[in-house]
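Chain letters run A, B, ... following the sequence lines, proteins first, then strands; residues in each count from 1.
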There are 2 protein chains.
Amino acid sequence: MYLQNGLTSSSFTTTSQNCGIMSGVVLYKKVAIAQIDSKVGDFEGNAAKIIDFSTLAEKKGAEIVVFPEFSLCGYPPEDLLFYTKFITDSKNIQNTLLCELKKHVPNLHVFFGNIAEQKNDNRIIQNALFEALNGEIVRKYTKRDLPNYGVFDEQRYFTADSSQDFRLENSANVAVAICEDIWNGIPLDVQKSDEVIIVINASPFSVLKFNQRVQTTKNLANEYNLPVVYANLVGAQDELVFDGGSFILDENAEVVSICPKFIEKLALEHDITEHTDELLDIYSACVSGLRAYAFNNGFHAAVLGLSGGIDSALVATMAVDAIADVVGIAMPSVYSSSSSLADAASLANNLGIKYIEQPLGDIFNAYTSLDSNFTSNIALENIQARIRGNFLMSYANSNSGCLVLATGNKSELAVGYSTVYGDAIGGFAPIKDVYKTKVWELAKRRNELSFRDLKKLGFKGSVNPIPTNSITKPPSAELKPGQLDSDTLPDYTELDAKLEQHIENYAQVDEHIMKMVKNAEWKRRQYPIGPKITTRSFGKDFRMPITQSTCR
Amino acid sequence: MYLQNGLTSSSFTTTSQNCGIMSGVVLYKKVAIAQIDSKVGDFEGNAAKIIDFSTLAEKKGAEIVVFPEFSLCGYPPEDLLFYTKFITDSKNIQNTLLCELKKHVPNLHVFFGNIAEQKNDNRIIQNALFEALNGEIVRKYTKRDLPNYGVFDEQRYFTADSSQDFRLENSANVAVAICEDIWNGIPLDVQKSDEVIIVINASPFSVLKFNQRVQTTKNLANEYNLPVVYANLVGAQDELVFDGGSFILDENAEVVSICPKFIEKLALEHDITEHTDELLDIYSACVSGLRAYAFNNGFHAAVLGLSGGIDSALVATMAVDAIADVVGIAMPSVYSSSSSLADAASLANNLGIKYIEQPLGDIFNAYTSLDSNFTSNIALENIQARIRGNFLMSYANSNSGCLVLATGNKSELAVGYSTVYGDAIGGFAPIKDVYKTKVWELAKRRNELSFRDLKKLGFKGSVNPIPTNSITKPPSAELKPGQLDSDTLPDYTELDAKLEQHIENYAQVDEHIMKMVKNAEWKRRQYPIGPKITTRSFGKDFRMPITQSTCR
């Protein structure tokens, strides 16, 4: 792409015929976005990736390449930042990176993110952007606005102090900012000669967030009448999914390039990625979060219980799309219907995964014959779920490298409709931030994807995997005869609307719903982590006390 | 106490003969500290307590009474602060409180803490101190320094902006500060006529914290040559224990009064509480945290597994001291030694608690006969712990109001030496922040307490309850024949020293220890909460990523 001072840059191209002189002004350099997946603490890996993408960018004709926020150390490192060695390592790898960049791409302006020490004191640190050129740092810019809300704790770690920022003469004619800096109207340092604004980001996914980023960045382009390059991180780290979707606006605030979401990409060419709908984005975010968690923690396979219901069907499908090697275990009790078992088997068959049937049988009977201290109705309902949990953990203990998945959805977690140490076990919970009504929608949307769609999205599963019956039948925990969710809970359409109001919009709703949410907090604290999908997920976003004399 | 301008105030007395004129100066009013246990969101209860203690303080001759930080709304309310109704309720109850104080104690200066709205916008809030007199607020002071480290997230919620603070002419001649305000050398607003500095606090317990508070406050007294009244919260909220220990320094920075720790107290009289040692403070903090969690969440009893080992013996004793009604369940497997069972029974007998023996028996056998997908050695070790977890949950499900206690210690949690969904289950974990070596010390210290000690401390248990054998025998999980902790772990003295270095001092230690700590993070996330004891506990203090390509 050519970013032209005062002129529309409508193309993002590797050809050079538009580069040159216009109105007596030297037009600006070609900018490439390197939308990479940096991993927290993987300094060598991240540096290697920066070198590779930089080399490729130059080969493709770029003069500037832009990496995301904290691309060298990964985001968010959280309390690792309190360890001196982490800071020292980040500094050392940066020196190595500079040498390598000098060797391979001496003339390329490489913008990347890393930790900076303020006053050479490794206890006072900053979230910084560096511009490397010919083995030197020609610009250091530190984040001005440190987000400390939602999932962010940046004021716990970083200092905002621009007194040691600098910009040398041979730096590129661009202005810069880091993520939050552009969201609250803080004035940027823009010099007269600057021809573009570069913003590096580690902006986590949530529903509609992409649109907000574009709108915020449009406001910026309009304010300064400059093109804006918005480079976002991609991949996932624990509960945060970084959806990428980096983009470029021209100085009229028109989108001239959008990177695809959820994959690494060197964006050099004019490229407006196909629009993806909200449901597909949510589904992809769950898959991304799961894939990153599994691979970055050394799991090559996943195991989960298949009940024949919609939640486990959707999670199994996500798992196949993310990691391929999946084991589904159906664990019928005396209350499981034969149609549930058939739906579970049919799903496994559709997905082509290993399928095991392991009835609770004797073990459940042994529990029922304990004395009355252990055998109330509610104890015997829960024990079924807990035996299943034990089976799954025993499977994982007996088959190394196998990650146990929890299949709970946000509606269940909100009201506590789950058995702690039963269906609530696992290392990762792919749909914990997806409301039940949305679970059905995602299942339908996934079933619509063509073979071509799957290939493009990098999903490893099959077409139309989820049995219709799992989508259409009324939900049930099947822990007692004829049990239905609707015996205990309001209709999910109504419930989800109220939960969203209460959780995401901080509103008051029916007292009994708020009370269920409050009373389930202790269980949620012990639930596996899972990807943030909504504006307020049950994770770093949701810091509610367990003990509280209120229903708010 | 009489706080005399420029004169040593050596007594904290209700008699009035020292009140009057000295060197032509009217000496200052009598100050009482109301060290109360406020509960998060219990507006009515907290207000009633403030009225009662104020009435009593006046009856005893006080002219000023000082309540802790956030005494009206409780501390910390966390994300409840994002709910408009919580803010509105805190404002409404304050109006009610003012009316009641006017009715009962019109002439008393009442200093308390509550939420303040900045510019009448309930989204911009502050952590405030109010001075009430005759039904009016005569002073509003908002916290200047918002802690955002360790367990604190105050910059997530509050704004520091003193522009709307005020102090009317009829306010008391005292300067004020809130907690963190005095820790970092920020200058206080002290007027020439001020005769004392009042600091309201919600300062959580950790080892040696009391000494730090006194030292910090001494520095303040010396800097301003004024007496200082340090009023601290008491009680506990989730993982934070507020140990009280409020105190008064004279203008020579000498301690002239110390409130007892861990109990509510109206301190009017000259009263230097007996010194308590570090071990006793730690033990009391665990008991306080457990008691508050149980009672404030509606539990009247606790249940836990008794293995005969030191961890469960200590937790059982704490539980009896905190809530009296405790059930101990011994759940022997084929690998449990008969001496372990004898130690468990002996402990239960010493404590006078309900004791149940429920062998794993048939249930464990049923698991062993499953196919090889579920029966690796490690699976069969863990399943024993998981069956025990199931028993405990079934007991709680069958006996309502019964809280399940986890008995894991900090050393185990650090290295992951526990079975997730097995011994790691429960609603509260009293010793999760106590290293194993300290567990032994606490057990010995508890065994030393006399009947008189127990009574004074408000503990409900018996004298010398923990069997010597539980203290002296080598620790073992007893999940396979002849198993000892020392087969897998270094000697605990060595291990604990290294863990403390790594966790609390952010130091590098042996690679294999750091790796164990890192790999256990996913399990710690699912562990029950428990009281913070050390400077960095596994809770809000410890925000380490699960996924990280590093051993730090």
Pairwise distance CD(B:Gln508) to CZ(A:Phe86) - rounded to 0.5 angstrom | 11.5 Å
Region of A:Ser372 in contact with chain B, defined by heavy-atom distances below 4.5 Å = backbone
Per-residue contact mode, B:Leu380 against chain A (heavy atom under 4.5 angstrom) = neither
Chain B shares the most heavy-atom pairs under 4.5 Å, among A:Gly426, A:Gly361, A:Gly422, with A:Gly426
In terms of heavy-atom pairs under 4.5 Å with chain A, which of B:Tyr149, B:Tyr293, B:Phe542 leads?
-> B:Tyr293
The reported gap from CZ in A:Phe82 to CG in B:Asn505 (rounded to nearest 0.5 angstrom) is 14.0 Å
Comparing B:Asn297, B:Asp541, B:Ile378, B:Asp362 against chain A, the one with the most heavy-atom pairs below 4.5 Å turns out to be B:Asn297
Cut-off 4.5 Å, heavy atoms of chain B, and the answer for A:Phe428 is neither
Chain B heavy atoms under 4.5 Å from A:Tyr395: which part of the residue, side chain, backbone, both or neither?
-> both
Output for pair (A:Leu80 CG, B:Met544 CE), nearest 0.5 Å, gives 4.5 Å
Verify the distance criterion only: is there a donor paired with an acceptor across the side chains of A:Tyr421 and B:Asn390 at less than 3.5 Å?
-> no
Distance, nearest 0.5 Å, that separates CZ of B:Arg386 from CE of A:Met393 = 4.0 Å
Where does B:Glu381 contact chain A at under 4.5 Å (heavy atoms): side chain, backbone, both or neither?
-> neither
Between B:Ile363, B:Asp371, B:Asn296, B:Ile387, which has the largest tally of heavy atom pairs under 4.5 Å with chain A?
-> B:Ile363
Top contributor to chain A interface from B:Ser398, B:Ala424, B:Ala379 [non-hydrogen pairs under 4.5 Å] | B:Ser398
Rounded to the nearest 0.5 Å, what separation is found between the CD atom of A:Glu154 and the CD atom of B:Gln155?
-> 12.5 Å
Answer key: most heavy-atom pairs under 4.5 Å with chain A among B:Ala366, B:Pro545, B:Pro528 is B:Pro545
Checking B:Thr375 against chain A: side chain, backbone, both or neither under 4.5 Å from a heavy atom?
-> backbone
On the 0 to 90° scale, with breaks at 30° and 60°, tag the B:Tyr506-A:Tyr83 ring pair as parallel, tilted or perpendicular.
-> perpendicular
For the salt bridge (charged side-chain N to carboxylate O under 4.0 Å, His left out) test, which of A:Arg536, A:Arg543, A:Lys540 pairs with B:Asp79?
-> A:Arg536
Closest-packed option against chain A by number of heavy-atom pairs under 4.5 Å, given B:Gly150, B:Ala292, B:Ala396, B:Ala507 | B:Gly150
By a 4.5 Å heavy-atom criterion (distance strictly below it), what part of A:Ile425 contacts chain B: side chain, backbone, both, or neither?
-> both
Applying a strict 4.5 Å limit to non-hydrogen atoms, the region of B:Asn373 in contact with chain A is both
Under a 4.5 Å heavy-atom cut-off, does chain A meet the side chain of B:Pro147, its backbone, both or neither?
-> neither
Go through the atoms of A:Leu392 and report whether side chain, backbone, both or neither lie under 4.5 Å from a heavy atom of chain B.
-> neither
Short N-O contact, B:Arg156 and A:Asp153, less than 4.0 angstrom | no
Measuring heavy-atom distances to chain B, does A:Leu81 have an atom under 4.5 Å in its side chain, in its backbone, in both, or in neither?
-> neither
Measure up the A:Phe374 and B:Phe391 rings against each other and bin them: parallel (under 30°), tilted (30 to 60°), perpendicular (over 60°).
-> tilted
Count the heavy atoms of every other residue, nucleotide or ligand shown that sit under 6.0 Å from CG of A:Asn377, and state whether that count exceeds 12.
-> no
First locate atom CE of B:Met514, then atom NZ of A:Lys85, and finally report the distance between them rounded to the nearest 0.5 Å.
-> 7.0 Å
Side chain, backbone, both or neither: which part of B:Ser369 has a heavy atom under 4.5 Å from chain A?
-> neither
Engaged part of B:Val327 at the chain A interface, taking heavy atoms whose separation is under 4.5 Å | neither
Select one option (side chain, backbone, both, neither) describing which atoms of B:Gln237 are under 4.5 Å from chain A's heavy atoms.
-> side chain
Checking B:Asp238 against chain A: side chain, backbone, both or neither under 4.5 Å from a heavy atom?
-> both
Can you tell me if A:Asn397 and B:Ser376 form a side-chain donor-acceptor pair at under 3.5 Å?
-> no
Cut-off 4.5 Å, heavy atoms of chain A, and the answer for B:Ala236 is neither
What part of A:Arg524 lies closer than 4.5 angstrom to a heavy atom of chain B: side chain, backbone, both or neither?
-> neither
